[in-house]
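Taking it in order: structure first as structure tokens, then the write-up.
As the structure is a prediction and not an experimental result, all values here were calculated from the model. FYI, the numbering just counts along the sequence from 1.
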Amino acid sequence: MLLVLSEEHKEHLGFLPQVESAVVSEFGRIAMEFLRKGTNPKIYEGAARKLNVSSETIQHGVEGLTYLLTESSKLMISEIDFQDSVLVLGFSEDLNALLLQLYLDNRKEIRSILSELAPKLPSYHNLEWRLDVQLASRSLRQQIKPTVTLKLHLNKNGSQTTKVLQTDPATLRHLIQQLEQALGEMKTNHCKRIVRNIK
């Protein structure tokens, strides 16, 4: 799978061929620091003074490199696909090899950083259910009113929470049909491709 870069990202990365390979390696280190700790304008200003360019140019170069590395890591692009993706940028073979090495050296760490940033959703632990049927009341002697009560136990960050839900069987049946339809849709090729790209 090839990574498609917008014109803006190509423009940001266009600064890289103008500098030496040691500077590109330093940009890679700054990009990793950007992912770990966030942006630091002082680093951009220091690099801008050394290279006699604006700090905005440095910032755009680092952000473009960060985007290239994070998107490639997110999609788990192979070496060949990464090389083909950066080939479109028109860089020299040495710069392409350096970018590939940056990607290969840092992709596991980038994926772990991105997984830490992902929201932690509760996960299923247990389900208890009960069916109640009201057969009569003071005002109505003969009525049948079924109610399903569900007690859902969830795990989130090591702690357990409980949600109690109550519904009638018709609504529960409709809910089951909708969930089964969603599961069926997840098996389609289109959804599989989307899920693969999200991971």
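- Look at Glu7 and Lys10 and you find a salt bridge, because one of the NZ, NE, NH1 or NH2 atoms lies within 4.0 Å of a carboxylate O, short of that distance.
- Annotation for Glu185 and Thr188: closest pair O-OG1, 2.7 Å, computed over non-hydrogen atoms.
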Set out, in order, the CA-CA distance, both residues' side-chain angles and the distance that settles side-chain contact (heavy atoms from CB on, under 4.5 Å) for Thr171 and His174, then state yes or no.
CA-CA 5 Å; Thr171 306; His174 177 69; 5.5 Å; no

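- By the 4.5 Å heavy-atom criterion applied to side chains, Met32 and Leu35 are counted as neighbours.
- Residue Val164 is not grouped with residue Val148 when hydrophobic side chains (ILVMFWY) are merged at heavy-atom distances under 4.5 angstrom, including chains of intermediate members.
- Annotation: the span from Ser55 atom OG to Ile43 atom CD1 amounts to 12.5 Å, rounded to 0.5 Å.
- Between Leu65 and Leu99 there is a side-chain heavy-atom pair separated by less than 4.5 Å.
- The CG atom of Leu98 sits 9.0 Å away from atom OG of Ser92, with the distance rounded to the nearest 0.5 Å.
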Could you give the side-chain donor-acceptor pairs of residues 13-27 under 3.5 Å, partners two or more places apart or in another chain?
unit_1: Ser25; atom_1: OG; unit_2: Ser21; atom_2: O; d: 3.2
unit_1: Glu26; atom_1: OE1; unit_2: Arg29; atom_2: NE; d: 3.3
unit_1: Glu26; atom_1: OE2; unit_2: Arg29; atom_2: NE; d: 3.0
unit_1: Glu26; atom_1: OE2; unit_2: Arg29; atom_2: NH2; d: 2.5

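- Within the structure, every pair that satisfies the ring pair (Phe, Tyr, Trp, His ring centres under 6.0 Å) test and touches residues 97-145, not counting sequence neighbours, is listed here: Phe82-Tyr103.
- The shortest distance between side-chain heavy atoms of Gln134 and Thr147 does not fall below 4.5 Å.
- No continuous path of hydrophobic side-chain contacts links Leu121 to Leu152 [ILVMFWY only; heavy atoms under 4.5 Å].
- Considering all non-hydrogen atoms of both residues, Ser54 and Ala48 come closest at C-CB, 3.7 Å.
- Contacts of Lys151 classified as salt bridge (Lys or Arg N to Asp or Glu O under 4.0 Å), with partners at least two apart in sequence or in another chain: none.
- When only modelled atom types and interatomic distance are considered, His153 and Glu128 share a side-chain donor-acceptor pair under 3.5 Å.
- Side-chain contact between Lys145 and Asp132 is absent, with no heavy-atom pair separated by less than 4.5 Å.
- Contact check for Leu68 versus Leu102: no side-chain heavy atoms found under the 4.5 Å cut-off.
- In this structure, Ile144 is a member of the same hydrophobic cluster as Leu172, with clusters built from ILVMFWY side-chain heavy atoms closer than 4.5 Å.
- Of all non-hydrogen atoms in Lys120 and Ser115, the two that sit nearest each other are NZ-O, 3.5 Å.
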Under the criterion side-chain contact (heavy atoms from CB on, under 4.5 Å), I'd like the reasoning laid out for Gln83 against Asn96: C-alpha separation, chi angles, the key distance, then a yes or no.
CA-CA 7 Å; Gln83 287 174 328; Asn96 287 346; 6.0 Å; no

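- Atoms CD and CD1, from Glu71 and Ile77 in turn, are 8.5 Å apart once rounded to the nearest 0.5 Å.
- Contact annotation: the side chain of Glu11 never approaches that of His60 to less than 4.5 Å [non-hydrogen atoms, C-beta and beyond].
- Between Arg111 and Lys108, every side-chain heavy-atom pair lies at or beyond the 4.5 Å cut-off.
- Between Ile30 atom CD1 and Gln59 atom CD the span is 11.5 Å, to the nearest 0.5 Å.
- Counting heavy atoms from C-beta outward, Ser72 and Arg107 have side chains that stay 4.5 Å or more apart.
- Connection of Ile176 to Leu150 is established within a shared hydrophobic cluster, with ILVMFWY side chains joined at heavy-atom distances below 4.5 Å, either directly or through further cluster members.
- Atoms CG and CG, from Asn126 and Asn155 in turn, are 10.0 Å apart once rounded to the nearest 0.5 Å.
- Note that CG of Leu154 is 7.5 Å distant from OG1 of Thr162, once rounded to the nearest 0.5 Å.
- One hydrophobic cluster, built from ILVMFWY side chains closer than 4.5 Å, cannot hold both Ile80 and Leu104; they sit in different ones.
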If you apply the rule salt bridge (Lys or Arg N to Asp or Glu O under 4.0 Å), what do you find for Arg36 with Glu33, and how did you get there?
CA-CA 5 Å; Arg36 287 186 205 109; Glu33 285 297 312; 2.7 Å; yes

